[in-house]
Amino acid sequence: MKKYLNQKFYDLNKIANQFTKEYINAKPFPHIVFDNFFDEKILNNILNDFPKNLDKTGRVIDHDAEQKLVNINNLQLSQNIIDFLNASNSEVFVNFLNKLSGIERYLIPDPYHWGGGTHELRDKGYLNIHADFNKHPKM
């Protein structure tokens, strides 16, 4: 996981301990913003690898909660993107999120990236606060 992080965030356990109260007490809902959390060079490489044709190879989502393009085939993603998605679903990162958020039940990562994979917002696109589903369609 460290290879993806900005150096000042390498110690995820320390970061979670330091910012849990700030996360939990944030208004209007629990959240936190970490500027430059991930390594900028790696994110730029991922951005350069991002599929440029999701309007043809993906799916369009357009309703009250969101307007976006969604990748539906992880086989078309570069190894850089796949590795980053796997790191963000890793035990190390998911445990960090559990600790930071104060959620007592273990979060369950999604290896299928169902609803949380690669998306693109274009002009006039939006993503309002919402829940995608209550029961995972594959798990």
Side-chain angles (χ1 to χ4, degrees):
M1 186 69 223
K2 274 187 178 180
K3 89 177 216 177
Y4 297 102
L5 299 174
N6 178 319
Q7 200 170 12
K8 69 181 183 179
F9 296 106
Y10 277 0
D11 189 343
L12 291 175
N13 193 48
K14 178 182 169 189
I15 299 299
N17 286 332
Q18 184 177 350
F19 290 99
T20 297
K21 286 182 182 174
E22 183 176 332
Y23 173 93
I24 291 170
N25 294 319
K27 302 293 180 207
F29 50 82
H31 72 282
I32 197 159
V33 175
F34 292 120
D35 289 328
N36 304 309
F37 186 79
F38 294 107
D39 180 277
E40 185 176 356
K41 182 180 175 190
I42 289 178
L43 290 183
N44 283 328
N45 288 338
I46 289 169
L47 181 60
N48 289 334
D49 287 353
F50 195 83
K52 308 289 188 262
N53 60 346
L54 281 185
D55 51 339
K56 294 178 181 70
T57 64
R59 187 174 71 210
V60 175
I61 307 289
D62 188 3
H63 52 73
D64 291 343
E66 55 196 342
Q67 183 184 69
K68 65 184 180 181
L69 298 168
V70 178
N71 175 57
I72 56 174
N73 182 2
N74 283 347
L75 296 175
Q76 77 179 21
L77 300 176
S78 72
Q79 195 61 49
N80 281 337
I81 295 174
I82 291 169
D83 290 346
F84 181 77
L85 290 173
N86 288 338
S88 66
N89 275 279
S90 70
E91 179 181 11
V92 169
F93 196 67
V94 172
N95 284 343
F96 160 70
L97 295 175
N98 254 119
K99 191 167 196 170
L100 175 68
S101 67
I103 296 172
E104 293 180 14
R105 293 180 59 167
Y106 288 109
L107 295 173
I108 302 169
D110 178 11
Y112 300 101
H113 309 124
W114 196 272
T118 50
H119 305 149
E120 179 179 1
L121 297 177
R122 293 192 177 164
D123 289 343
K124 299 184 183 175
Y126 56 88
L127 185 61
N128 293 329
I129 296 172
H130 68 281
D132 285 331
F133 44 81
N134 290 326
K135 183 177 177 185
H136 195 284
K138 288 190 175 190
M139 298 176 13

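Index from 1, following the sequence. Computed from a predicted model, the values in this text were never measured in an experiment.
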For [X] and [Y], which heavy atoms make the closest approach, and how far apart are they?
| X | Y | answer |
| --- | --- | --- |
| N98 | I103 | ND2-O, 3.0 Å |
| A87 | F93 | O-CB, 3.5 Å |
| V94 | P109 | CG2-CB, 3.9 Å |

Filter on salt bridge (Lys or Arg N to Asp or Glu O under 4.0 Å), then keep only pairs touching residues 68-94, sequence neighbours left out; what's left?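 Every pair satisfying salt bridge (Lys or Arg N to Asp or Glu O under 4.0 Å) with a residue in residues 68-94: E66-K68.
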
To the nearest 0.5 Å, tell me how far [X] [atom1] sits from [Y] [atom2].
| X | Y | atom1 | atom2 | value |
| --- | --- | --- | --- | --- |
| T118 | I72 | OG1 | CD1 | 10.5 Å |
| N89 | F84 | CG | CZ | 10.5 Å |
| N25 | T20 | CG | OG1 | 10.5 Å |
| F19 | S101 | CZ | OG | 15.0 Å |
| K3 | Y10 | NZ | OH | 11.0 Å |
| N73 | N71 | CG | CG | 6.5 Å |

Indicate every side-chain donor-acceptor pair of residues 121-128 with a distance under 3.5 Å to a residue at least two apart or in another chain.
residue: R122; atom: NE; partner: E120; partner atom: OE2; Å: 3.1
residue: Y126; atom: OH; partner: H63; partner atom: O; Å: 2.6
residue: N128; atom: ND2; partner: D64; partner atom: O; Å: 2.9

Going by side-chain hydrogen bond (donor to acceptor under 3.5 Å, both in side chains), name the residues that satisfy it together with D110, two or more places apart in sequence or in a different chain. H136

For a quick test of your reading: what N or O donor-acceptor pairs under 3.5 Å do the side chains of residues 26-40 make, sequence neighbours left out?
residue: H31; atom: ND1; partner: F29; partner atom: O; Å: 2.8
residue: D39; atom: OD1; partner: K41; partner atom: N; Å: 3.0
residue: D39; atom: OD1; partner: I42; partner atom: N; Å: 3.0

With heavy-atom distances below 4.5 Å as the criterion, would you say the side chains of M139 and I108 are in contact?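 With C-beta onward as the side chain, the pair touches.
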
Does Y112 reach the side chain of N74, with side-chain heavy atoms less than 4.5 Å apart? no

Tell me whether [X] shares a hydrophobic cluster with [Y], the cluster being built from Ile, Leu, Val, Met, Phe, Trp, Tyr side chains joined at under 4.5 Å.
| X | Y | result |
| --- | --- | --- |
| V70 | I46 | no |
| L5 | Y23 | yes |
| I61 | W114 | no |

List in chain and number order the residues that pass salt bridge (Lys or Arg N to Asp or Glu O under 4.0 Å) with K99, two or more places apart in sequence or in another chain; answer none if no residue qualifies.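 Result, salt bridge (Lys or Arg N to Asp or Glu O under 4.0 Å) vs K99: none returned.
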
Under 3.5 Å, which donor-acceptor pairs do the side chains of residues 49-58 form with other protein atoms, sequence neighbours left out?
residue: D49; atom: OD2; partner: S78; partner atom: OG; Å: 2.9
residue: D49; atom: OD2; partner: N80; partner atom: ND2; Å: 2.9
residue: K52; atom: NZ; partner: L47; partner atom: O; Å: 3.4
residue: K52; atom: NZ; partner: N48; partner atom: O; Å: 3.0
residue: K52; atom: NZ; partner: F50; partner atom: O; Å: 3.0
residue: T57; atom: OG1; partner: N53; partner atom: O; Å: 3.2
residue: T57; atom: OG1; partner: Q76; partner atom: OE1; Å: 3.4
residue: T57; atom: OG1; partner: Q76; partner atom: NE2; Å: 3.2

